[in-house]
Amino acid sequence: MTYVHQVGSRRFAFADLKDLMAKATPPRSGDMLAGIAAATAEENVAAKMALADLPLKAFLSEAVVPYEADEVTRLIIDGHDAAAFAPVSAFTVGDFRDFLLSDAADSAALARLAPGLTPEMVAAVSKLMRNQDLILVAKKCRVVTRFRNTIGLPGTLAVRLQPNHPTDDPAGISAAMLDGLLYGCGDAVIGINPASDSLPVLDRLIKLTAEVIERFEIPTQSCILTHITSSIELMNRGAPVDLVFQSIAGTQAANSSFGIDLAVLKEGTDAARALKRGTVGQNAMYFETGQGSALSANAHHGVDQQTLEARAYGVARVFEPLLVNTVVGFIGPEYLYDGKQIIRAGLEDHFCGKLLGVPLGVDVCYTNHAEADQDDMDTLLTLLAAAGVTYIMGIPGADDVMLNYQSTSFHDALYVREVFGARRAPEFEAWLERMAITGPDGRLLPASGSHPLLGFATDHTSAGRAA
Amino acid sequence: MSPRDPWQGLARHTPARIALGRTGASLPTAEVLKFSLAHALARDAVHTPFDAAATGAAVRALGFDTLDVASAAPARDTYLRRPDLGRRLSQDSRALLAARPPEPVDLALVVADGLSSAAVHAQAVPFLAALKPWIAREGWTTSPVVVAREARVALGDEVGALLNARAVLVMIGERPGLSSPDSLGLYLTFAPKVGASDAQRNCISNVRAEGLSHEAAAFKLAWLLKEAFRRGLTGVELKDESDEALVDGRPPLRLP
């Protein structure tokens, strides 16, 4: 159906729901590249006004991607919890924003509401929100997950230790891993992006991370970020897989371009859980997403990239992941042009994920052809910490030498802890203190050249190490 | 003064920035400035204007003819926002190539700025110098070297088709990383035509002194090209097994 809004003497018409959503989206290069963005600033605001008047219920009767053609749409509609939706079912999108910001929408109320919300509703309301609204509401959301530690408790912020190496060299990966642990990072996961997709290489990396976790009894989990079908094959061969990774997107066609569907995500989840490697819980999946992925796969159906990103969280939540992160600035300036667009997208993604009940972390990052720098990353990191982000990345010196982009560093994590008092996952916090890496106040102790962790480095960097 | 981390010995195992030391929670001044310099080099690699005239002159000095073309992206900021425009020739450039005599060639050669003009300035000419003997030994016919501004990889498809080439080689500046601002990428596409997918190309990346040397890259490229002609394809079905032809880790004198 067509949506119309009158601004003074001017009448703005929007062809359908996805057109209205796209035109109401804060400006970004990806929607312009797709040719679906508002043509003028006035049209952008007119679309927001029309969207504010739209009943939330409309999202249950009009799909932005056709139900018949897309299994993600079917997952969203068929899985909708009408009872959870009831308290907000009479609201317009504008009313919904007012409700979310009200005192009545406390942590418990928002947690009860999550199963009743569709990704499209959440994306729609985010388009009416300023950055401070996105921060305030996300801060109220509680999403707690568990594997070998507890992620997402109030007042905590976790860090993924990302010790990548351009040729997957075990000595190089070990060196970066120990550097991160000695900087107090790694409670979210020790997660390696391998350069290779060869199964023997992946198997060696899994065993390397499992060995360090077992030897030092670290209450954390490991993950090799390779295709889910490779992880399934490795589990079949008996490899010690903790978390199973996969990139996911918000349409069936985009997921298909990744070589996955919902069935294989379920297969991977079931296989990981069956290993029962978690000690305090079995949230066994790790998903990555990012605005623009569907457009870059030519699988966007004319839907704006932020709405499709929220749909990716709709996919994620069904599989009860330990961690989900949006790799917000990785994709490049044709999707998010500059620091302003990256910052906005990071806050939107975090808000949408949390409101849908997903444990959302953010890879606060940029590439060298985007109009962004470390100051922009500091700003986004600080805003996300204020919003209670579940976790961030920890990369030596913020420079990923395998993926060639800049993210957040071990030092950045320390900065956030200083400024916000954000603590680590409690089990990991206790381990750091036991290992004399941190003191009782959570701050790093002076570094010691004879720390036991460095013994692992010696074993794994000497010429005679076992492969 | 900030203490340095006592595990600096581990840094020899990885190019990653480990054992940086700290002052409180923060990076020491020297490390902040080192990072800023690396980022500045990478930014300059993206934004320094491509010197097509000097590149063309250096290519001609190697004994190649050259042709200057531009993509449909009129300027750098448009190029960054609109990858679709960087994949197509400007109208003038299309007319220039279309007006050439249609004699077929084995290989069309394209030098393109891509995302790092620094990479093209530093690597394109020495790489072509290393490739030239392989072209001569195999007796391949080549087009003039097309020097392309504001270009993406897929621009080569249109160039290759207009020049009636059996294959096209695009030598292009790669997206710069902090530790690799001047890395050249090589993309080889058999039977080029507009709309070819990336799955139909073979890629050799990280061509630079600290990565894959010009000589090693030239041998790999020649091996792939000969196999592409033999099998009538490039892309995912053509696996790079050139390493098996190395003699004591060095390229042989002739292709197998």
Side-chain angles (χ1 to χ4, degrees), chain A residues 29-30 32-33 163-166 169-176 178-180 182-183 296 332-334 337 367-371 373-374 395-406 409-419 443-444 446-451 453-454 457-458 460-461, chain B residues 3-28 31-32 34-36 38-47 76-86 114-116 152 173-181 183 197 205-206 211:
Chain A
S29 49
M32 294 174 197
L33 180 62
N164 297 342
H165 186 275
D169 176 57
I173 285 173
S174 297
L178 295 167
D179 194 58
L182 290 165
Y183 270 85
S296 91
E334 61 266 44
Y337 187 68
T367 59
N368 289 315
H369 60 315
E371 291 296 317
D373 61 18
Q374 292 302 110
I395 294 167
D399 171 14
D400 190 306
V401 294
M402 203 290 278
L403 294 170
N404 278 338
Y405 77 120
Q406 286 92 257
S409 67
F410 306 143
H411 295 75
D412 290 330
L414 296 177
Y415 149 77
V416 164
R417 299 196 189 290
E418 277 299 317
V419 172
R443 285 194 172 124
L444 294 183
S448 156
S450 59
H451 194 280
L453 277 175
L454 293 171
T458 312
H460 281 264
T461 55
Chain B
R4 299 169 68 111
D5 293 319
W7 54 90
Q8 284 184 53
L10 292 179
R12 71 180 186 278
H13 298 292
T14 175
R17 293 167 196 260
I18 69 164
L20 300 183
R22 62 188 175 88
T23 171
S26 304
L27 280 173
E31 291 299 336
V32 172
K34 261 197 235 173
F35 187 101
S36 293
H39 186 234
L41 292 174
R43 294 288 292 161
D44 287 347
V46 174
H47 289 282
R76 201 62 171 165
D77 62 332
T78 313
Y79 172 83
L80 291 172
R81 285 174 201 264
R82 292 287 305 272
D84 53 325
L85 297 181
L115 285 169
S116 172
R152 304 258 173 187
E174 292 186 328
R175 192 180 91 184
L178 279 199
S179 52
S180 55
S183 178
S197 85
S205 65
N206 199 23

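Just so we're on the same page: letters track the sequence lines, and every chain starts at 1.
Contacts of B/Leu27 with chain A are made by both backbone and side-chain atoms, with heavy-atom separations under 4.5 Å. Looking at A/His165, the atoms closer than 4.5 Å to chain B (heavy atoms on both sides) all sit in the side chain, from C-beta outward. Looking at A/Gln374, the atoms closer than 4.5 Å to chain B (heavy atoms on both sides) all sit in the side chain, from C-beta outward. Heavy atoms closer than 4.5 Å to chain B are found in the side chain of A/Pro166, but not in its backbone. For A/Ala413, no part lies near chain B; criterion is any non-hydrogen pair under 4.5 Å. Only the side chain of B/Ser180 comes within less than 4.5 Å of a heavy atom of chain A; its backbone N, CA, C and O stay farther away. Both the backbone and the side chain of A/Leu444 come within contact range of chain B, each with at least one heavy atom under 4.5 Å from a heavy atom of that chain. For a residue to count as touching a neighbouring chain, one of its non-hydrogen atoms must lie under 4.5 Å from one of that chain's; by this rule B/Asp77 touches chain A with backbone and side chain alike.
Put simply, OG on A/Ser409 and CG on A/Leu414 are 8.0 Å apart, with the number rounded to the nearest 0.5 Å.
Taking 4.5 Å as the limit, every side-chain heavy atom of A/Leu178 sits out of range of all side-chain heavy atoms of B/Trp7. Using a 4.5 Å heavy-atom cutoff, the side chains of A/Glu418 and A/Arg443 are in contact. Counting heavy atoms from C-beta outward, B/Arg22 and B/Glu31 have side chains that stay 4.5 Å or more apart. Contact annotation: the side chain of B/Pro83 approaches that of A/Leu33 to within less than 4.5 Å [non-hydrogen atoms, C-beta and beyond].
For the pair B/Arg17 and A/Phe410, the cation-pi criterion (under 6.0 Å, within 45° of the ring axis) is not fulfilled.
Chain B forms the most heavy-atom pairs under 4.5 Å with one residue out of A/Met402, A/Met32, A/Glu371, A/Arg417, and that residue is A/Glu371. Most heavy-atom pairs under 4.5 Å with chain A: of the set B/Asn206, B/Leu178, B/Thr14, B/Asp84, this distinction falls to B/Leu178. By number of non-hydrogen pairs under 4.5 angstrom with chain B, the leading residue of A/Asn404, A/Asp179, A/Val401 is A/Asp179. Of the listed residues B/Leu115, B/Val46, B/Leu80, the one with more heavy-atom pairs under 4.5 angstrom with chain A than any other is B/Leu80.
The side-chain hydrogen bond (donor to acceptor under 3.5 Å, both in side chains) test with A/Gln406 singles out one residue from A/Thr367, A/Asn368, A/Asp373, and that residue is A/Asn368.
The aromatic rings of A/His411 and A/Tyr183 sit tilted relative to each other, their planes meeting at an angle between 30° and 60°.
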